[in-house]
Peer 1: 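The structure that follows is given in the form of C-alpha cells.
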Amino acid sequence: MIDKIKSEWKDCVSKALEKYIGSDNFPEPGMGVPPKPEMGDIAFPMFAYAKIKGMNPVKIANEVCELISSSAHPAGTLSTAGAYLNVKIDSSSLFSELAKTIIGQGDSYGKNSSLEGKKVMLEFSCPNTNKPLHLGHMRNDSLGESVAAILKANGADVMKVNLINNRGVHICKSMLAYKEFANGETPERTGEKGDHFVGRYYVRFANWSKEVEARIKELEEKGCKQEAEKLKADSPDARAQRMLKAWEDGDEEVLALWRMMNKWTLDGLEQSYKDMGISFDRYYYESDTYKFGKSEVLKGLEQGVFFREKDGSVQIDLADIGLDKKVLLRKDGTTIYITQDLGTAIRRHEDWPFDSMIYVVASEQAYHFKVLFHILKKLGYGWAAGLHHLSYGMVNLPEGKMKSREGTVVDADDLLAELSSLAKDEIISKGREALVGDVEECSRKIALAALNYYLLQVSPSRDMIFDPKKSISFSGNTGPYLEYMGARISSILKKASEEGLSISPDVDGSLLCNEDEEHLILLLSSYPALVKQAAEGYDPSVITSFLYDVAKTFSHYYHDNQILKADTPALISARLCLCQAVLQVLKNGFALVGIPFLESM
RNA sequence: GAGACCAUAGCUCAGCUGGAUAGAGCAUCAGUUUGCGGAACUGAGGGUCGGAGGUUCGAAUCCUCUUGGUCUCGCCA
C-alpha cells in the first residue's frame, strides 16, 4: 500500500521534473527517507538536476515543489528542506484501508506471490551421527528454519532437507570406543539422551587415542621400536580405519552396531529438533548417496569431463576457474566428501526438480561449494545455475573460539535448558505462574525467542560472539522483549473485550494523528515490502530489526497514550484497532524468525 | 604464496541499490508510576566508520592500494 503511494509520488515528481527541465533526458529521481519523521516520509534529492540546469539545487527543489503543489498530485503534503523535496504521507487516511487489509488478511498479511511456482530446496543442519548438536548448529538451524519461512511467505514451494552424515571414519570412532568400553551399556539403561550417550564414546575414543599415542612415543624414545610398531598397528586410529573398511565391505557385525548407534543418535537429535522447533520435509543419508555419487563420477569420466590419473584416481582440472586439480575418487576407488555431495545433488533434483537449492553451510566451506557447483555445471546440469551457498560465519564465545578438544563447546540441549530455567526463574520471581498456565512450556518459548532472535539479528556473513549470559537478558533489544510487547498488547485487547468493547477495522483513522501513531501506521504498511526484501537477500535480520522497530515504537506510544481510557469512544475504537493491527504484524513477523507468540508471559 | 569473508561507540550489533546532524542495545550517570503488564519509558556522556588515495555535488556504503583478523586452498568431513 505504501509502495503504491511511493511510486505515485515518484511518477509525479518525475513528470514535474520533465516539465521543469524541458526534456525527458534526466536521471530518475532517487527516493530516500528524511532523517527526522517531522520532515516527512519520502525524500527526493535534487542535486542530480543542478548540473543539467546549471542551477542551485535548492532553487530547483523550491520551484519543483511549487510546480507540483499548484496542480493535482497524490495525497500528501509537500515541503522542501535545502535541496530535498519532502513528502509527508497522510498516514491517518491510509489507516482505514490498512487496518481492513491487516485484520482481514490476518496471518497472511505480508505474504506475497513473488516466488509463486518456484520450487526451492533448502538444506540445513546436516549433523554427524557421532555427537549431539552444539551452538554452531543452532545458528545453522535458526537460519535454515527462518529462511524457509521467509521463502514460503513469498509464495515459494519450499522443501526443507537434512543430510545426515552417518558414515565415515569419525562415525567408526565412537563405534569402536563403544565396543571396547561399554560392556553392553545402552541409553535406555543409563537414562541418557542417545546423542549424548554416543557423543560420550566419541570423546572416549579421542582420549583413548591420545593415551595410546603417548605410549607409542614413550616406547620409541626408549628405543623399543618393535613394540612401538606393534602398538601402532593396533592403535585406536588404525582399528577405526579397519572398521571403516569392514563397514564398506558389508560386515554384518559392524553394520548391526552402526544401525544401533545411529538410531540412538538420531533419536536424540530428533528430540533436540523438536525442542528447538525445527523440522524437515525429507532426510537424506550419506550412507545412501555415496555409491550413487561414485557412479555419477564414473559417468562423467566416460563423458570426458573428468580424467583418470596414472595412479588410478579420478580427478577434474579446475584451471578454467583458476583452481587446482580436485580428486573425486581415490585410487582405491573409494569416495570422498565431494563425491557424495555430487550424488546427493543429482539425486535430489531427480526426486524433486527444484528451481533452486540453497545450502545453509558455514563459510569455511565456501571453496567446497564453489567446486561442487562448477562440477555440476560441467556435467551439463542446467539446474546447477540455481544452486546457492548461504554462507554464515562462526559463532564464538566471549572467551574465544569453541574448541571440542578444550571442552568449550556449548551443547545445544544444555543451552536451551539453561535459558529455559532462567526464564522460569523470571516468571516465578514476578509471580506470574498462574497467569501463564504451563510454566515449563512458557519458559521454553521465551528461551527460543531469546536464542533465535539473538542468532538472527546478526547478518549471516559475519562471525558473531554469543554470550550466553547476555543472550538471556530480558531487557533491551532481545527476543523476550518482543514477546513481552506481544503479551502486553494481547492483554489490552483481552481487557477491552472483557469490557464489552468490540474491535473492528471500521474506525475513523483520522483520529490517529500523533507522531507515534503515524509512525506505527507507516511501519505496518511497510512490512510486506520487507518480507520480499528478506527473501531476496536470504536475510532474516531484515525482519528482526523491523520487529524491534515496531515494538520500540509501540512501547513508547503505549507509555504516553491511554488506549482503553482515551478521551472519546471513537478514539478508543481507533486505538484498539491500531493495537490489533500491530499485534497481527508482530505475530506474522515472529513466525518468520522463530519467535513463539505468547498471549501472556 | 593464492583466494574468500570481516573491521562502525568501552562491549555486542544495525545502517536498504551512495544522500541531510552515522544509529540501537548493554554497561555508566541522571530521571519517570494517583495509568490499560516497570520484562517498560525519558535524558546525558561516549565515534577520525582500521589507514591512505580515487570517483562524485555528496562516500561508513562504490574503486584501487594498504594494515589487522578469521577461514579456505586434503585422496578429512
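In what follows, chains carry the letters A, B, and so on, assigned in the order in which the sequence lines appear, proteins first and then strands, with residues in each chain numbered from 1.
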Peer 1: In whole angstrom, give me the gap between the C1' atoms of B:A9 and B:G53.
Peer 2: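 So the two C1' atoms sit 27 Å from each other.
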Peer 1: According to a cutoff of under 5.5 Å between the ring centres and under 30° between the ring planes, does A:Tyr84 stack with the base of B:A20?
Peer 2: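 Aromatic stack with B:A20 present for A:Tyr84.
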Peer 1: Over how many whole Å does the gap from A:Leu372 atom CG to B:C73 atom P extend?
Peer 2: 15 Å
Peer 1: Mind checking A:Ala496 for me? I need base, sugar-phosphate or nothing, with any heavy atom below 4.0 Å counting as a touch.
Peer 2: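 The answer is nothing, as A:Ala496 stays clear of every strand by at least 4.0 Å.
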Peer 1: What is the separation between atom CE on A:Met394 and atom C1' on B:U70, rounded to the nearest whole Å?
Peer 2: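 Going from CE in A:Met394 over to C1' in B:U70 covers 6 Å.
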Peer 1: Set out, in order, the CA-CA distance, both residues' side-chain angles and the distance that settles ring pair (Phe, Tyr, Trp, His ring centres under 6.0 Å) for A:His137 and A:His134, then state yes or no.
Peer 2: CA-CA 5 Å; A:His137 291 110; A:His134 58 72; 4.3 Å; yes
Peer 1: Would you indicate whether the side-chain heavy atoms of A:Met46 and A:Leu17 approach each other to under 4.5 Å?
Peer 2: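 Side chain of A:Leu17 against side chain of A:Met46, heavy atoms only: contact under 4.5 Å found.
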Peer 1: Per the atom types in the model, does the base of B:A20 pair as donor or acceptor with the side chain of A:Asn86 at under 3.5 Å?
Peer 2: yes
Peer 1: Indicate whether OP1 or OP2 belonging to B:A39 is found under 4.0 Å from a side-chain N or O atom of A:Arg432.
Peer 2: yes
Peer 1: For atom C1', what is the distance between B:U55 and B:C62, given to the nearest Å?
Peer 2: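 Each nucleotide's C1' atom is 8 Å from the other's.
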Peer 1: Which atom pairs link the protein and nucleotides 11-13 of chain B when you take only N or O atoms and keep those under 3.5 Å?
Peer 2:
| from | atom 1 | to | atom 2 | distance (Å) |
| --- | --- | --- | --- | --- |
| B:C13 | OP1 | A:Ile465 | N | 2.5 |

Peer 1: Rounding to the closest angstrom, what is the interatomic distance between B:A39 and B:C76 at atom C1'?
Peer 2: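 The answer is 47 Å between these two C1' atoms.
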Peer 1: Distance check, C1' atoms only: B:A52 and B:G10, in whole angstrom units.
Peer 2: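 Nearest-Å result for B:A52 against B:G10 at atom C1': 27 Å.
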Peer 1: What is the distance, rounded to the nearest whole Å, between atom CD of A:Glu38 and atom P of B:A20?
Peer 2: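 The answer, rounded to whole Å, is 15 Å.
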Peer 1: Which residues satisfy the salt bridge (Lys or Arg N to Asp or Glu O under 4.0 Å) test with A:Lys245, sequence neighbours excluded?
Peer 2: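 Checked A:Lys245 against salt bridge (Lys or Arg N to Asp or Glu O under 4.0 Å); matches are A:Asp249.
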Peer 1: Please give, in whole Å, the distance from B:A39 P to A:Lys552 NZ?
Peer 2: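 Between P of B:A39 and NZ of A:Lys552: 15 Å.
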Peer 1: Tell me whether A:Glu309 is salt-bridged to A:Lys331, with the criterion being a basic N under 4.0 Å from an acidic carboxylate O.
Peer 2: no
Peer 1: Check the side chains of A:Asp516 and A:His556 for a donor-acceptor pair under 3.5 angstrom, ignoring hydrogens and angles.
Peer 2: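 The answer is yes; a qualifying pair exists.
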Peer 1: Establish, from distance only, whether the side-chain atoms of A:Arg167 and A:Thr335 form a donor-acceptor pair under 3.5 Å.
Peer 2: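 Yes.
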Peer 1: B:G37, OP1 or OP2 - any side-chain N/O from A:Lys495 closer than 4.0 Å?
Peer 2: yes
Peer 1: A:Tyr558 stacking on B:C36: centroids under 5.5 Å, ring planes under 30°?
Peer 2: yes
Peer 1: Round to the nearest Å and state the distance from A:Phe369 atom CZ to B:C5 atom P.
Peer 2: 16 Å
Peer 1: Which nucleotide in the set B:A39, B:A24, B:C75 lies at the smallest distance from any side-chain heavy atom of A:Tyr548?
Peer 2: B:A24
Peer 1: For the residue pair A:Phe47 and A:Tyr84, establish whether any side-chain heavy-atom pair is separated by less than 4.5 Å.
Peer 2: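 Side chain of A:Phe47 against side chain of A:Tyr84, heavy atoms only: contact under 4.5 Å found.
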Peer 1: Please examine the side chains of A:Pro27 and A:Tyr49, heavy atoms only from C-beta on, and report whether any two atoms are closer than 4.5 Å.
Peer 2: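 In contact.
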Peer 1: Among B:A24, B:C36, B:A40, find the nucleotide with the atom closest to the side chain of A:Asn477.
Peer 2: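 Out of B:A24, B:C36, B:A40, the nucleotide with an atom closest to A:Asn477's side chain is B:A24.
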Peer 1: Quick one: does A:Leu583's side chain get under 4.5 Å of A:Ser490's, heavy atoms only?
Peer 2: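 With C-beta onward as the side chain, the pair touches.
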Peer 1: Please determine if a side-chain N or O atom of A:Ser473 lies less than 4.0 Å away from the OP1 or OP2 oxygen of B:C26.
Peer 2: no
Peer 1: Before you tell me yes or no, could you show the steps for A:Tyr392 and A:Phe124 under ring pair (Phe, Tyr, Trp, His ring centres under 6.0 Å), namely the whole-Å CA-CA distance, both residues' side-chain angles and the distance that decides it to 0.1 Å?
Peer 2: CA-CA 12 Å; A:Tyr392 63 90; A:Phe124 63 103; over 10 Å; no
Peer 1: What distance, rounded to whole Å, do you find between the two P atoms, one in B:U28 and one in B:U66?
Peer 2: 44 Å
Peer 1: For B:G43 versus B:G37, give the span between their P atoms, rounded off to a whole number of Å.
Peer 2: 24 Å
Peer 1: OP1, OP2 of B:A39 versus side-chain N and O of A:Lys430: anything below 4.0 Å?
Peer 2: yes
Peer 1: Hey, does A:Ala43 reach any base, or is it just sugar-phosphate, or nothing, if we go heavy atoms under 4.0 Å?
Peer 2: base
Peer 1: Of all residues at least two apart in sequence or in a different chain, which pass the salt bridge (Lys or Arg N to Asp or Glu O under 4.0 Å) check with A:Lys424?
Peer 2: A:Glu440
Peer 1: Could you summarise the pairing of RNA chain B as dot-bracket text, marking Watson-Crick and G-U pairs under 3.5 Å with ( ) or [ ] inside the strand and | across strands?
Peer 2: (((((((..((((.....[...)))).(((((.......))))).....(((((..]....))))))))))))....
Peer 1: Please confirm whether the shortest side-chain N or O distance from A:Ser555 to OP1 or OP2 of B:C41 is below 4.0 Å.
Peer 2: yes
Peer 1: Taking only side-chain nitrogens and oxygens of A:Ser541, does any of them come within less than 4.0 Å of OP1 or OP2 of B:A14?
Peer 2: no
Peer 1: Which residues pass the side chain to side chain contact (heavy atoms under 4.5 Å, CB included) test with A:Ala81, not counting sequence neighbours?
Peer 2: A:Met39, A:Asn86
Peer 1: Counting side-chain heavy atoms from C-beta on, which of B:C16, B:C41, B:A20 comes nearest to A:Ala81?
Peer 2: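 From the listed options, B:A20 comes nearest.
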Peer 1: Roughly how far apart, to the nearest Å, are B:C26 and B:G68 at atom P?
Peer 2: 36 Å
Peer 1: Need one value for A:Pro480: base, sugar-phosphate or nothing, where a base atom within 4.0 Å counts as base even if backbone is also close, heavy atoms only.
Peer 2: nothing
Peer 1: Here's a test for you: under side-chain hydrogen bond (donor to acceptor under 3.5 Å, both in side chains), which of A:Asn165, A:Asn166, A:Asn262 qualifies with A:Thr129?
Peer 2: A:Asn262
Peer 1: Which pairs, protein N/O on one side and nucleotides 57-64 of chain B N/O on the other, fall under 3.5 Å?
Peer 2:
| from | atom 1 | to | atom 2 | distance (Å) |
| --- | --- | --- | --- | --- |
| B:C57 | OP1 | A:Lys51 | NZ | 2.3 |

Peer 1: Would you mind reporting whether A:His519 and A:Thr553 have side-chain heavy atoms less than 4.5 Å apart?
Peer 2: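 The answer is yes, as the side chains (C-beta and beyond) meet within the 4.5 Å cut-off.
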Peer 1: Measuring only the P atom in each nucleotide, how far is B:U61 from B:U8? A whole number of Å is fine.
Peer 2: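 After rounding to an integer number of Å, I get 14 Å for this pair.
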Peer 1: Give the rounded distance in Å between these two atoms: NE2 of A:His559 and P of B:U33.
Peer 2: 9 Å
Peer 1: Rounded off to whole Å, could you give me the CG-to-P distance for the A:Asp324 and B:G74 pair?
Peer 2: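 These atoms are roughly 7 Å apart.
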Peer 1: Rounded off to whole Å, could you give me the CE-to-P distance for the A:Met46 and B:A20 pair?
Peer 2: 15 Å
